[in-house]
Protein chains: 2
Amino acid sequence: MPDTIPVAFKPGDLPDVTTGPLPASRKVHAPGTLHPTLRVAMREIAVSGGEPPVRVYDTSGPYTDPGQRVDIRQGLPELRREWIEARGDVERHAGRETRPEDDGLKPGEARKVPLFDRADRLPLRGKPGRTVTQLAYARAGVVTPEMEYVAIRENLGRARLREAAKRDGESFGAAIPDHVTPEFVRDEVARGRAIIPNNVNHPESEPMAIGRNFLVKINANIGNSAVTSGVAEEVDKLVWAIRWGADTVMDLSTGRNIHTTREWIIRNSPVPIGTVPIYQALEKVNGKAEDLSWEVFRDTLIEQAEQGVDYFTIHAGVRLAHVPLTAERVTGIVSRGGSIMAKWCLAHHRESFLYERFEEICEIMKAYDVAFSLGDGLRPGSIADANDAAQFAELETLGELTKVAWKHDVQTMIEGPGHVPMHKIKVNMEKQLEECGEAPFYTLGPLTTDIAPGYDHITSGIGAAMIGWFGCAMLCYVTPKEHLGLPDRDDVKTGVITYKIAAHAADLAKGHPAAQERDDALSRARFEFRWRDQFNLSLDPETAEKFHDQTLPAEGAKLAHFCSMCGPKFCSMKISQEVRDAARKGMDEMSDTFRANGGQIYVAPEPRAGG
Amino acid sequence: MPDTIPVAFKPGDLPDVTTGPLPASRKVHAPGTLHPTLRVAMREIAVSGGEPPVRVYDTSGPYTDPGQRVDIRQGLPELRREWIEARGDVERHAGRETRPEDDGLKPGEARKVPLFDRADRLPLRGKPGRTVTQLAYARAGVVTPEMEYVAIRENLGRARLREAAKRDGESFGAAIPDHVTPEFVRDEVARGRAIIPNNVNHPESEPMAIGRNFLVKINANIGNSAVTSGVAEEVDKLVWAIRWGADTVMDLSTGRNIHTTREWIIRNSPVPIGTVPIYQALEKVNGKAEDLSWEVFRDTLIEQAEQGVDYFTIHAGVRLAHVPLTAERVTGIVSRGGSIMAKWCLAHHRESFLYERFEEICEIMKAYDVAFSLGDGLRPGSIADANDAAQFAELETLGELTKVAWKHDVQTMIEGPGHVPMHKIKVNMEKQLEECGEAPFYTLGPLTTDIAPGYDHITSGIGAAMIGWFGCAMLCYVTPKEHLGLPDRDDVKTGVITYKIAAHAADLAKGHPAAQERDDALSRARFEFRWRDQFNLSLDPETAEKFHDQTLPAEGAKLAHFCSMCGPKFCSMKISQEVRDAARKGMDEMSDTFRANGGQIYVAPEPRAGG
């Protein structure tokens, strides 16, 4: 069959991904203690002026490590393979055979995109009767290498700051520790308050945690479409998104080549990959929602679990009885998965098979450690529909399903809205914590107004920062193209940076002990006119330097003790350095010396925000 | 003297401003009741699909009114002239003579920019012993045309919605009425909870209110600089900023031609103009802060008051005793006005003359109805310095000065931070309300993190939306160039749109009775695939349409019942319209019909945020 013959890349297809470190940054690796072989990757930003370097959380994987050669055709090294095999609870097996229809091809139809050569890579699954999830290990009291990796990764500068760190923040009942221990990670996972999504068939991933007591995470969506992008563009978008800070990536590919595109993405991803399996299942029934069946869906879950998908969005909370609750909405059902299932329920006038078969779904997922992302198929699509009966009825069902998933030791998070005005955001977080037993919340935005298409990264960034502060564990980005079109590479970057801002603002407000270290380092650089340090410490050094250079391109200006806002001689920061000296030396003395040497300290300032 | 000979525009100088209505919009005028001659300008957006047009607040003035011919050389019509003269409490007088140094010119030095020809325009001032402020009238029980204009302008759709409007929001103690009456405006002004900044020498302005119980307003900063822009660019930036929604504009011009640039701006501005007089005063003493004196400052206040500046930022809260409180800050004093006064206080080791002469300042301002914007010269410039002793000591002084200003019937608002993490924002609002007797708060941002230079419109838009919700009356925009360089025309637009989003999100959350009308109209258009209506109802129709067309340029796509996210046949909104019908027709019946006609309704969806 054609699937066994790898198609070669045509020149145009050659994956061209962005590699190399960010400015003044190098990849460092911290060793483990319980598991000495661990090498936990972090990014260290060099700072001048005698300041210590700043370590930041690093999602970019080997692509920013000059020490590692990356070949998209080979995929990434299998960081976790030994850990997984050492547990002795998985077995390799032939696995499900790939079929043309997995890529939306008619039998015999030629494939347009190259296959990823899996070589002898046979899929793993739990041995009969074995549950191979981090939740099962945590409950059994086992601290896995994944858990220790997460602990070291989350601490950042906390060890150094531990004494100094005066805690400052409002965490609304979260339990953020001064220092993250492997045992703390185990306990959070065991309680269901955090998940570590890492399918045994995705050993390339670097372990990360999603939970209210860890750093707030962000997700970026990519995915090909029949009309636009191919394999190469999707791998490039993946690498681009994690370069700027995406903690997980969802592959929302549809149409043709879904299976093969996903294979390329997973094999080359150091971050967990999520999908919405119902999209592919729908392809397999030629897009007729009413023709969906448990058998087709089950087949798709196994196909994707064997490839290595780390979490599945499953809209099992869209029950037949909930559908009529959406009838009077301004914008009805805006989730694709939700509308597919609503249509199925109506067509058959039956309860959702996702709901009825939920325990069988758990049985599949526990054999690979795929985590649930229980989908909010009835999320509001407008301010008018926020927090309505349909939305909250579904959330209550998701709470019920969370307990079922936990019974099976399947890691679980919960998806949330959507479009919500600011005054209705907090109750979403509170109700989710209550209904879902503190399982991690994962929200899209929320968008705080409907009137700014073209700027919905901003309308949603406001809501995302707030709900992150209130306790949301992961924020799904929104790009400027939301509601209007397909995000391109620039839109992906803008969405990721905007959501890094929201997540970091939330970490600061929650009182994460180490979060402010980067703000303080950048602000000291600003006050001392260390321009290079300001750029290097920022979320987007390239843009910061570009904006600066639009007014003062000369390299010398990067060292100058002024900026284009206030000109070379007058500067409020410069004055306040004098003020500082004055206050320290005693002001009487200074008042004389000032008049004595009273030199010009001023040329025309430029306009800037505020007086 | 050369000043009397108007310099002609050189070709390159010719002001080229953007005029003409926004898409599907027309200027409408509502009449007054108490003052029947009033014609209150609003923007009406036509909507298709049998929907009523949507009226929105309109800051753009005559520039978007095809019925009015605009000539920058003539300035705008004097809307308020009759109202002002009818009160009989002002007199024309020769006024202060313009001097070369007002424009930073040496005696006899030739002017580089054209003078605005004031013709016979002599400045007005209150007759001896008369206070001509809206606050004085309000306290005397007089409902001025300005007050009725504001009442009609603020109501928007409220009259129509009055019955329907079920109030929904959390206003934190604000008193937003179902309907704004002229008497309500008078009462809010009389209590000092709102200001209507309109100098008797700026009759071109359309009255607007800044107060917690009115729509949240935004300010845009412009201003020339010795090196960059001239008169033409500044007038263009003014017209551009108000086209997108700036409610007031601050002219932060410095260096040369300050006086003449300001004249061009004021004569052509339908919105209130604010300035920071200390900047020009500093020019008059060649930039030596220690050479500043009460006489130079007083002269500058009168010069600008006679030109028609509507509010002055005055940093009278920076007292000698506060300066040492900034010594240990990470970023010291970041306000230019604040650092100038701190330097003066240190140089002379004396109390600030702005503080000591405050009553004399009130005497000047009450004769023209210039409002105070009491400057926050000690605002924090970094997360580390937020809410510190220096900041709050100054705020307490501003509260004390507010009561002095009110004693003189001078309208007053208070400026606020700055850089503040989310969990420290609310106390800023609460403390300001308490210390300053509910005088309107006017904040810069606040920025919720320091680590994103190049994106500070977003880091600050988050804080602005929140503090607007908590009760801040006006939000000073921040552009993407903040901390890095000079905002250009695109940056001004990005800053204004971002802050319109923040202000509107705040109005929604506060429960403004009419705010959601525009969101609902846009969401209905979205649900019914009325693409043109979506663009026209958005804050930036040009960008929304451009983004849409990047994927689906064909004009036909504007009428199509699909978008590029989900493709032509499959669409969640389309399904949920079927769901709606189903729920209404009764689901048993539908379940049959569905299978009967079960036609294809699907082609490959495209990636979009969320499942």
Side-chain angles (χ1 to χ4, degrees), chain A residues 170 223 225-226 252 254-255 276 287 313 324 327 330-333 336-337 339 346-347 349 382-383 421-423 444 448-450 452-454 462 465 478 484-485 501 505 508-509 519 523 527 538-539 543-544 547-548 551 564 572 575-576 580 582-583 591 594 602 604-607 609-611, chain B residues 170 223 225-226 252 254-255 276 287 313 324 327 330-333 336-337 339 346-347 349 382-383 421-423 444 448-450 452-454 462 465 478 484-485 501 505 508-509 519 523 527 538-539 543-544 547-548 551 564 572 575-576 580 582-583 591 594 602 604-607 609-611:
Chain A
E170 165 54 71
S225 75
L252 302 183
T254 53
V276 187
T313 292
V330 168
T331 45
I333 300 174
R336 258 184 302 164
S339 60
L346 284 184
H349 198 251
S382 58
I383 293 298
M422 283 190 286
H423 66 292
L444 172 66
T448 53
T449 169
D450 303 336
I462 293 166
V478 173
L484 296 171
I501 288 168
L508 285 174
D519 296 76
S523 293
F527 188 65
S538 69
L539 287 177
T543 298
F547 284 0
H548 173 272
T551 333
S564 59
S572 64
I575 288 188
S576 45
R580 169 175 299 185
S591 60
F594 249 111
Y602 176 74
E606 309 288 354
Chain B
E170 164 55 71
S225 73
L252 301 183
T254 52
V276 187
T313 292
V330 168
T331 46
I333 300 174
R336 258 184 302 164
S339 60
L346 285 184
H349 197 251
S382 58
I383 294 297
M422 284 191 284
H423 65 293
L444 172 66
T448 53
T449 169
D450 303 335
I462 293 165
V478 173
L484 296 170
I501 288 168
L508 286 174
D519 296 74
S523 293
F527 189 65
S538 69
L539 287 177
T543 297
F547 284 0
H548 174 271
T551 332
S564 60
S572 64
I575 288 189
S576 47
R580 170 175 299 184
S591 60
F594 248 112
Y602 176 75
E606 308 288 354

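Reminder, nothing fancy here: chain letters follow the sequence lines and each chain counts from 1.
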- Message: Looking at every heavy atom in both B:Met422 and A:Ala465, which two are closest together, and how far apart are they?
- Response: CE-O, 3.2 Å
- Message: Tell me which of these, A:Ala452, A:Ala544, A:Gly454, has more heavy-atom pairs under 4.5 Å with chain B than the rest.
- Response: A:Ala544
- In terms of heavy-atom pairs under 4.5 Å with chain A, the winner among B:Gly332, B:Pro421, B:Ala505, B:Ala509 is B:Ala509
- Message: Donor-acceptor pair, distance only, cut-off 3.5 Å: does the side chain of B:Asp519 make one with the backbone of A:Asp450?
- Response: yes
- Message: Looking at every heavy atom in both A:Phe547 and B:Leu484, which two are closest together, and how far apart are they?
- Response: CB-CD1, 3.8 Å
- Query: Between A:Thr543, A:Val330, A:Ile383, which residue shows the highest count of heavy-atom pairs closer than 4.5 Å to chain B?
  - Reply: A:Val330
- Item | Validation row: B:Leu539, A:Thr449 side chains within 4.5 angstrom (heavy atoms) | no
